[in-house]
Visitor: 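Before I ask anything, here is the structure I am working with.
Residue numbers count from 1 along this sequence. Counting convention: from 1, in listed order, for ligands and their atoms alike.
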Amino acid sequence: MIEPPPLRNDCFALPAGVDWTPVDEALALLRDRLGPVTGIETVTPFAAPGRVLAEDVAALRSNPPLPNAAVDGYGFAGAVAEGVHRLPVIEGRAAAGPRFDRPVPAGSAIRILTGAALPDGVDTVILDEDVTVGDGEIAFRGPLKRGANTRRAGEDIRAAEVALRAGRALTPADAALLSAVGIGAVPVRARLRVAVLSTGDELVEPGAQAGPGQIHDANRPMLLAMLARFGFDAVDMGRVGDDRAALRARLDDAAARADAILTSGGASAGDEDHVSALLRDAGAMQRWRIAIKPGRPLALGLWQGRPVFGLPGNPVAAMVCTLVFARPALGLLAGAGWRDPVGFETPAGFEKRKKPGRREYLRARMRDGRAEVFASEGSGRISGLSWAEGLVELEDGERHVRPGDPVRFIPYGSYGL
Ligand code: AMP
Ligand code: MG
C-alpha cells in the first residue's frame, strides 16, 4: 500500500494581519493546502459504492459489447418503406445469451428477444405489437428506419474510454457501470479514519445520570453519525475533561488510530480551552476566527501529523462547522477532491434582517415551495437542528430578506447526510 506525503506543518497558516477570515477565504485555504492522506486498495464493484476511486478507470469492454435488440420482436436487414410488408420467418430464435450462430438470409426475418445480440444479416427489429404472425411468416406496416429498435455496440461507452475519474465518490449506479464495462476490481482509497473526541468537565455519557451542572455529550453521537454518512470510518475516542494532560494523552491515542481528528469544545481562547492551548504548544495550530454564524472559533492544527479540527462545543455550531469546513476538508484528505454542496435558490418563507460581516447559516426546511427557518436562532437550540432538513445560507453582507425573496437552501442531503 502506498502512502501519500505528510501534510506540511504550516498547512493551516492564515495570512498575517487578517482578523476575521471570510468563509470563502477559509475554504479556499483548506482547498489549496490539503490533499489525500490515505493509501490505495482494491475492491469489487459490490464493495465499491461509498468508496473513493483512486485512479481513472477505463472500460475493458464496450457497453453494449455487441449490437443487440432493444425490444422483443422480429429482426431482419435494412430499412422498410411505407406500406404493407410480408417476410418469411426462419427456424429458431435469437435470445439473450449465446449469439444465434447462423446468418439470416436477406428478405427473411427471425424471432428475436430483448438483449439478444443481432445475428448476422439483422440490423433492424420490429416490435411484437406491430406484427401479425402467420404460419412461417410475419406481416407489418412500414416505414421503419434501418437500425430501429436496436442498440449499437458501444453506444453507451466504448472499450478503453474512461468510465469514471479518480476522486469520484462511487455510487450504486457506478457499481452497475463498472460491472457493465467488464471491471471486476477497482483501485479505491482506504477509508479515511476520523477520530471524534468530546471535551469538557460538564459532559456525561448519553443516558447516564447527570448531576447538577452536568450535561449529556450531544456532539459525539452526532459527529460520529455524520462521519459515517460521509463515508468515513468514525473512531470513537470518548470524552475527556478539561485536563491538559488527559487531553494530550487522548490526542496521542487518536493520532495513532486515525487519519484526522475532530474535537468539540475547548477551541476558544479561554482558561479551559485546552484543545487550542495544546495545539498551539505543539507549534502547528491556528485559531481561525471565521466570519460565520453560528460558530466562530475553529482551532485547526496538526497533532503528530494528523489534522485536528477543533470544533466549537456548542452543538449547533459544531454541526454547521462540520458541514461547512470539516466535510470538504476531510473529502480532500480522503482523496475525493473538493466537493461543494449543491444548493438551490428558493423563495424565503420568512423575514430576517441580517447584519453585515458574517455569513449566516439558518436551520431550515422546505415547505410548500418555500424555505422556512427555525423560530429561534439560539445557538444552543439543538431541537432546531433536528427540526431542520437543511440550511439557508445568507451571504456575508447586509441583507433584509422578505418573504418571497430568493434565498439559497442547501438540503442536509447535499452535504451527504
Ligand atoms: P466550549 O466550546 O467548550 O466553550 O463549549 C461551548 C458550549 O457548548 C458550552 O455550553 C458547553 O457546555 C457546550 N458543549 C461543549 N461540548 C458539548 C458536547 N459534547 N455536547 C453538548 N454540549 C457541549
Ligand atoms: Mg468546554
Visitor: For ligand 1, is G266 a contact, meaning one of its heavy atoms is under 4.0 Å away?
Guide: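 G266: in contact with ligand 1 (<4.0 Å).
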Visitor: Not counting sequence neighbours, list each pair that qualifies as a ring-ring contact (aromatic ring centres under 6.0 Å, His included) and has a residue in residues 366-400.
Guide: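 Passing the test, one end in residues 366-400: F374-W387.
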Visitor: Does ligand 1 have an atom under 4.0 Å from some heavy atom of R220?
Guide: no
Visitor: Please determine if D273 has a nitrogen or oxygen closer than 3.5 Å to a nitrogen or oxygen of ligand 1.
Guide: no
Visitor: Run the numbers for me: atoms of ligand 1, each under 4.0 Å from some heavy atom of N314, listed by number.
Guide: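 Checking each atom against N314, I get 6 (C), 7 (C), 8 (O).
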Visitor: Please collect all ring-ring contact (aromatic ring centres under 6.0 Å, His included) contacts where either partner lies in residues 147-195, sequence neighbours excluded, each pair once.
Guide: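 The answer is none; no pair qualifies.
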Visitor: If we count only N and O atoms by modelled type, under 3.5 Å, do the side chains of S198 and D217 hold a donor and an acceptor together?
Guide: yes
Visitor: Applying the salt bridge (charged side-chain N to carboxylate O under 4.0 Å, His left out) test to E393, which of K354, K293, R359, R399 qualifies?
Guide: R359
Visitor: Before giving the answer on side chain to side chain contact (heavy atoms under 4.5 Å, CB included), spell out for F100 and I90 the whole-Å C-alpha distance, their side-chain angles and the decisive distance to 0.1 Å.
Guide: CA-CA 12 Å; F100 187 78; I90 67 164; 4.1 Å; yes
Visitor: On a heavy-atom basis, which atom in P406 and which in E345 lie closest, and how many Å separate them?
Guide: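 Answer, listing the atom of P406 first, then E345: CB-OE1, 3.3 Å.
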Visitor: What residue and heavy atom of the protein are closest to atom 18 (C) of ligand 1, and at what distance?
Guide: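 Heavy-atom neighbour on the protein nearest atom 18 (C) of ligand 1: N219 ND2, 3.3 Å.
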Visitor: List ligand 1 atoms under 4.0 Å from H216, heavy atoms only on the residue side.
Guide: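 Result: 20 (N), 21 (C).
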Visitor: Can you sort out which atoms of ligand 1 are near I215, meaning under 4.0 Å from one of its heavy atoms?
Guide: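 Going through ligand 1 atom by atom, the ones under 4.0 Å from I215 are 12 (O), 21 (C), 22 (N), 23 (C).
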Visitor: Quiz question for you: does at least one protein heavy atom lie closer than 4.0 Å to atom 5 (O) of ligand 1?
Guide: yes
Visitor: Does any donor atom in the side chain of D174 or T171 lie under 3.5 Å from an acceptor atom in the other side chain?
Guide: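 Yes, T171 and D174 have a side-chain donor paired with an acceptor closer than 3.5 Å.
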Visitor: For atom 11 (C) of ligand 1, what is the closest protein heavy atom, and at what distance to 0.1 Å?
Guide: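 Going by distance alone, atom 11 (C) of ligand 1 is nearest to E202 OE2, 3.1 Å.
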Visitor: Nearest protein heavy atom to atom 23 (C) of ligand 1, by residue and atom, and its distance?
Guide: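 Nearest neighbour among protein heavy atoms for atom 23 (C) of ligand 1, to 0.1 Å: G313 O, 3.3 Å.
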Visitor: Which atom pair, heavy atoms only, marks the closest approach of A348 to R402?
Guide: CB-O, 4.0 Å
Visitor: Before signing off on this row, confirm whether A218 and ligand 1 have an N or O atom pair separated by under 3.5 Å.
Guide: yes
Visitor: Numbering the atoms of ligand 1 from 1, which are under 4.0 Å from a heavy atom of P315?
Guide: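 So the atoms of ligand 1 that pass are 21 (C), 22 (N).
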Visitor: Can you name the closest pair of heavy atoms from T114 and A96 and give their distance?
Guide: O-CB, 4.0 Å
Visitor: Just jot down the ligand 1 atoms closer than 4.0 angstrom to any heavy atom of D217, in number order.
Guide: 18 (C), 19 (N), 20 (N)
